[in-house]
J.: 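Structure incoming, see below.
Note: hydrogens, waters and symmetry copies are ignored here, and every other heavy atom, side chains too, is used.
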Amino acid sequence: MTAASTPPLHILRGILRLTKSAQPKPVSAAPTAASAATTTLSPASSQPTNNEITLRQHIISQYRESRSLPPHKAKTQRKIAYDYYILKQDLVERGRLHDLDQGADEKLSPKELSRRAAARAGLQLPKLDSDL
């Protein structure tokens, strides 16, 4: 799909879904009291953080403003939103793959790592002589 063929509401919903599902990484340094109040709640809490609420409000306001723009500016806004949506999708997928590969080099043999990398690329390794 392209930005021109994807309805703006679908892009908006996709962006909101990806921002909602994005899990922020815990900060290693101790946060200050002011930033701790605005950044995150306890990990067990399912309540959105202030930053997530602000981001969601900003996204929705941009969507509403783009509805009243002239057609050429609305098209530009739609392309930007679509590119952002695709970027977020790709980053989520990259993070998922990174989590899957994390520590694989310590658990698996080099031969198995090569086999899995080839399988991800849609290839098969040739049969190798085990004596080599």
J.: Quick one: hydrophobic cluster around L125, which other residues, with the 4.5 Å side-chain cut-off, linked directly or via members?
T.: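 The other cluster members (ILVMFWY side chains, heavy atoms under 4.5 Å, direct or chained): none.
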J.: Please determine whether residues Y85 and L9 belong to a single hydrophobic cluster, defined as Ile, Leu, Val, Met, Phe, Trp and Tyr linked transitively by side-chain heavy-atom distances below 4.5 Å.
T.: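 Yes, one cluster joins them.
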J.: Which residues, ordered by chain and number, are linked to L91 in its hydrophobic cluster, where ILVMFWY side chains connect at heavy-atom gaps below 4.5 Å, directly or through other members?
T.: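 L91 clusters with L87.
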J.: Which residues pass the side chain to side chain contact (heavy atoms under 4.5 Å, CB included) test with Q124, sequence neighbours left out?
T.: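 None.
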J.: How would you list, by chain and number, every residue that makes a salt bridge (Lys or Arg N to Asp or Glu O under 4.0 Å) with R13, sequence neighbours excluded?
T.: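 Here no residue qualifies.
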J.: How far apart are the C-alpha atoms of R17 and K20, what are their side-chain angles, what is the distance that settles it, and do they pass the side-chain contact (heavy atoms from CB on, under 4.5 Å) test?
T.: CA-CA 5 Å; R17 185 175 48 252; K20 183 179 177 182; 5.7 Å; no
J.: At what distance, to the nearest 0.5 angstrom, does NZ of K75 lie from NZ of K79?
T.: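 That separation rounds to 4.5 Å.
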J.: Rounded to the nearest 0.5 Å, what's the gap from CG on L12 to NE2 on H10? Could you check?
T.: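 L12 atom CG to H10 atom NE2 measures 10.5 Å (nearest 0.5 Å).
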J.: Are Q89 and I86 close enough that some pair of their side-chain heavy atoms sits under 4.5 Å apart?
T.: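 In short, these two side chains touch, coming nearer than 4.5 Å.
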J.: Kindly indicate whether the side chain of E93, heavy atoms from C-beta on, has any atom under 4.5 Å from the side chain of L97.
T.: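 The answer is yes; the side chains approach within 4.5 Å.
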J.: Could you tell me which non-hydrogen atom of L16 sits nearest to which non-hydrogen atom of T19, and how far apart they are?
T.: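 Smallest interatomic distance, heavy atoms only, reads O-OG1, 2.9 Å.
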J.: Does the side-chain contact (heavy atoms from CB on, under 4.5 Å) test come out yes or no for R78 and I11, once each step is laid out?
T.: CA-CA 8 Å; R78 198 169 25 252; I11 296 171; 4.3 Å; yes
J.: List the atom pairs, donor and acceptor, that lie under 3.5 Å between side-chain atoms in residues 62-73 and the rest of the protein, sequence neighbours left out.
T.:
unit_1, atom_1, unit_2, atom_2, d
S66, OG, Y63, O, 2.8
S68, OG, E65, O, 3.0

J.: With a 4.5 Å cut-off on side-chain heavy-atom distances among I, L, V, M, F, W and Y, is there a chain of contacts connecting I60 to L18?
T.: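 They do share one cluster, since a chain of ILVMFWY contacts under 4.5 Å joins I60 to L18.
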J.: Atom CD in Q57, atom OG1 in T54: separation rounded to 0.5 Å?
T.: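 It is 6.0 Å, given to the nearest 0.5 Å.
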